Structure formats: structure tokens, C-alpha cells
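Structure first, commentary second.
All values below come from the heavy atoms of this structure, side chains included, with hydrogens, waters and symmetry mates left out. Residue numbers begin at 1 in each chain, while the letters A, B, ... track the order of the sequences. Everything quoted here is computed from the prediction, not taken from an experiment.
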There are 2 protein chains.
Amino acid sequence: MASTTRRRSAQVGRPTTAEAGILAATRRLLVNGASFTEMGVQEICAEAGVARSTFYSHFRDKIDLILRLTTDLTGSAFETTTAWEPADGLDRLAETFENVLRIYRDQAPLRRAITEVATYDVSVREVWANELKQFTDRTIEMIRTEQKAGRAPATIDAVAVTRVVVVGGEQAIVDQATAGDPADDAVFARELAETWWYGVFRRPPG
Amino acid sequence: MASTTRRRSAQVGRPTTAEAGILAATRRLLVNGASFTEMGVQEICAEAGVARSTFYSHFRDKIDLILRLTTDLTGSAFETTTAWEPADGLDRLAETFENVLRIYRDQAPLRRAITEVATYDVSVREVWANELKQFTDRTIEMIRTEQKAGRAPATIDAVAVTRVVVVGGEQAIVDQATAGDPADDAVFARELAETWWYGVFRRPPG
DNA sequence: CTACGTCCGGACATCGCGTCCGGAAATAAG
DNA sequence: CTTATTTCCGGACGCGATGTCCGGACGTAG
């Protein structure tokens, strides 16, 4: 419980508070390739130079920790992608994916951890699905607009194709960011952009 | 150690051996929506009506169990997809995806469990990646063939676009199979097929 | 009957989790 | 300086799950 009469310690604090230390240590361990599921609280605390009991006075459990970490990557990638719209054209779409890929490379370990936990924990899965939802909604809207303007075939099922685009695209980007060579990022981004462009937004009329 | 003088029991055996019982029980629990990571050995044995010690005389640990389960879905989906080739055209591709979706719906719980464990266990991840590899290799080959025949643009980077197609496509199918309405399967399959067809195999020349 | 293989049931050590508490250290208020 | 308050340490505790081990029951094949 925070005091009402005192300001919280470490106001501009050099002596990094334990909570921030734990967050940073976890990120560090993830960057080093550790699996979040398999790393213990003990291990995290050792890396943070903090007592194990201190961990539990800041986080309810490991799920709470990963959820707190999730907050850090709100926006960024989503903002980048949602800035693009069909009128910007194919080249700008490829550029957008290249930027997203850059962001994903930075955040890769953390994103990996989140999807990792999301596969078996409901609360994390829900948080993550919600992050994707805003993106899904926007894509559906964009496709419908293109259809009304006659630039995309009216026969496209916007909802179904959005599943292909968002779910599939996200996974492909994650895969490239984790397993692919950074030198190939530009080529990959271009291919992803062209596939979507000619396969969806400018698909030839049936 | 198996006897050399006696044949192994249960040769055609009705009295279902404990091992098969455990395998079946695990599958049953997965179908009921349980998370493999979160279900204990105790739980599995209770469902199988088997002593916990018996589990360990058949499986080294839970990873061994999931690996043994993986064997069950060799082929099937892969065989179905690799049967298709570009000469068969768009309609047949849509049909193929519909079939794959049917298979995935049957195997969904097991596949979910495997990808679940694959996110944090190396051995499972390797086995799974190897399953996908044969599919990846074939796709790259198909695209190159189309390029040589002048039916697909020579500018396509076969390796990069295959990542988009295989990794992204697999995930989209899994998502539709787990979260999508079965009634929408045909529409989804059609959209996936058209996206690939016009976005990759028959992408307009740059 | 005997040898063998399979399974049960329970004991055991071990480990990680989450809780709890007394006390040290640092810091701000009086 | 003294005191109150916050933060953290360090360790104890109970709990549940893991993986190992063993004695013995049971059925079956020689």
C-alpha cells in the first residue's frame, strides 16, 4: 500500500526499484533465449539480484509478470500498420512491413514469450486476442471500403479473408523475425506486400 | 526387457494395454478442451484408470507422451495438400483446403497441444518443424517450376514467399479450425485459395 | 507348478510455487 | 538526533507435482 503522506521512493531514483529490476531481468533472460515457461521465479530473482519474497510483493505470480510486460508493447507495431491504407499503394505497404519487421525484431523475445504463455493460459490469450482485434476490425473495414469503391472484387468475403491476412500475416512476420535472416527482411516484406496486394486488395475480378 | 523365449503379451490383445489406454485418455482429455501443459500425470492416469507408476514405465515424461502422440498425425493433411499442383487450378486448390480443414478439425486438439508444447520445448519444436519442412520444400519447388514456365513472375522470391504461404497459411487454417464456424469453412477455404492463387501463383507480372 | 510380464499401490526424495513473518537498511518527518 | 514508515532481505513453511523405486498381486504361457 502506497503512503499518502510520502511520495513514492526513487522519485527520480538512481537506485532502480526492485520492480523495474525484475521486469528488466526477465527481459534480459528472454533475450538470451530462455523459455518463459521453463524459467523459475528463483532464476528471475537471481538475475535481478532480488530476494524471491520481493517478487511476490510486486507480482501475484508469473502470469501477472508477463501481463505487466505485455503493456510495454502496446501500440508501436499496430500504430505502424494502421497508418497504411490502400490508397497509399503497394510500395508503401512493403515499406510498412519492413518497419513492422524492425519493431518485431526488437520485441521478438517478449512477443515469443507472450504467444508461448497464451497457448495454455486463458487470461494471457484473451489479452493478446484483444490486441489483435483492433487490427482485425480495421482490416475488415478497409476491404469493405475498397469493395464499395469498386477497386476490389465484391465477391471477396471480408471476414474470411481477414483471418487469412491478419492471423497468417502476423505468424509469417513472427517467423521471419525469429528464424529468418535480417538481410532478407526487405525481400520478405516485399513478398508479403505483393501477396496481399494482388491476392486481396487488387485481386482480379472473378 | 522383453523375453526372448516368450512372445510379447497382448499380441492381438483385447485387454487394451496400459500404454494404449494412456494415449487414448490423453487424447480424450485434449478433446475436452484441457491444456496439455496444465494437465498433470495424475490426471491422465485417473482418466486412463491406471496407476501413476505405470505411466513412468511406459513414458519417460510428458514430453515423451506428446511426442508419441505426434506420430499419429503423420501424413494425412500433408498428403492431401501435396497432391495438388498448380496445373490443377484454383477451384481444386479451394477444394484441397476444404479437405485439409476437415482433417484439421478432427485433429485440432492434438495439433493445438503440439504447437503448445513446441513453444517452450526444443525437442517437440524440432519434430514439428521437420514435419513442416517437407511441405515447405515442395512449395518452393512448385513456385520455381511455375516461374520457369513463365506462368508466375520471375521476380518472385520463392523462399520468402513460401514463408508467407506455408507458415501463414498453416496458422490461418488452425485458427479457422479452432475459432471459426464450421459453416464458414468453404468460404474460408475459397478465400485462402484465391489469395494464394492471385497473390502468388498467378500474380500479375511486375 | 513355475517363470515371466504387466500392473497396482504406496513410499520416497526433490523441486518449484505462493505465503508469511521478523528484522535490517534507508529515508523522510518531527 | 530520534522516530516513523517504507522497502527489501532471508529464511521458514505447507503444498502439490514430478520422477524413482520396490514389494506384491494377478494372469498367462511353458
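Checking the phosphate oxygens (OP1, OP2) of C:dG18, a side-chain nitrogen or oxygen of A:Y56 falls inside 4.0 Å. The side chain of B:H58 contributes an N or O atom lying less than 4.0 Å from OP1 or OP2 of C:dC7. Between C:dG18 and A:S57, no contact under 4.0 Å exists linking OP1 or OP2 to a side-chain N or O.
Judged by distance alone, the side chains of B:Y198 and B:R203 never bring a donor and an acceptor atom under 3.5 Å apart. Under the 3.5 Å distance criterion, with hydrogens and angles disregarded, no donor-acceptor pair is assigned to the side chains of A:T178 and A:Y104.
Rounded to whole Å, atom P of D:dT7 lies 14 Å from atom CZ of A:F59. A straight line from CD of B:E38 to P of C:dC17 spans 14 Å, rounded to a whole angstrom. Protein atom CE of B:M39 is 11 Å distant from nucleotide atom P of D:dT18, rounded to whole Å. Rounded to whole Å, atom P of C:dC17 lies 15 Å from atom CG of A:D64. Rounded to whole Å, atom C1' of D:dG19 lies 13 Å from atom NZ of B:K62. As a whole-Å value, the separation of B:E19 CD from C:dC8 P is 13 Å. Going from atom CD1 of B:I22 over to atom C1' of C:dC8 covers 13 Å, rounded to whole Å. For A:F55 and C:dC20, the CZ to C1' distance is 17 Å, given to the nearest whole Å.
In this structure, B:R102 has no salt bridge (charged side-chain N to carboxylate O under 4.0 Å, His left out) partners at least two apart in sequence or on a different chain.
Residues B:T80 and B:E98 fail the side-chain proximity criterion, which asks for heavy atoms closer than 4.5 Å.
None of B:D175, B:V100, B:L132, B:T81 except one satisfies the side-chain contact (heavy atoms from CB on, under 4.5 Å) rule with B:E170; the exception is B:L132.
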So if I define the base as every atom that isn't primed, P, OP1 or OP2, how would nucleotides 10-17 of chain D read as a B/S/- string at a heavy-atom cutoff under 4.0 Å?
BBB-----

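Across all non-hydrogen atoms, the minimal contact from A:A160 to B:E191 is CB-CG, 3.8 Å.
Residue A:R92 qualifies as open at atom CZ: its count of foreign heavy atoms under 6.0 Å is 12 or below.
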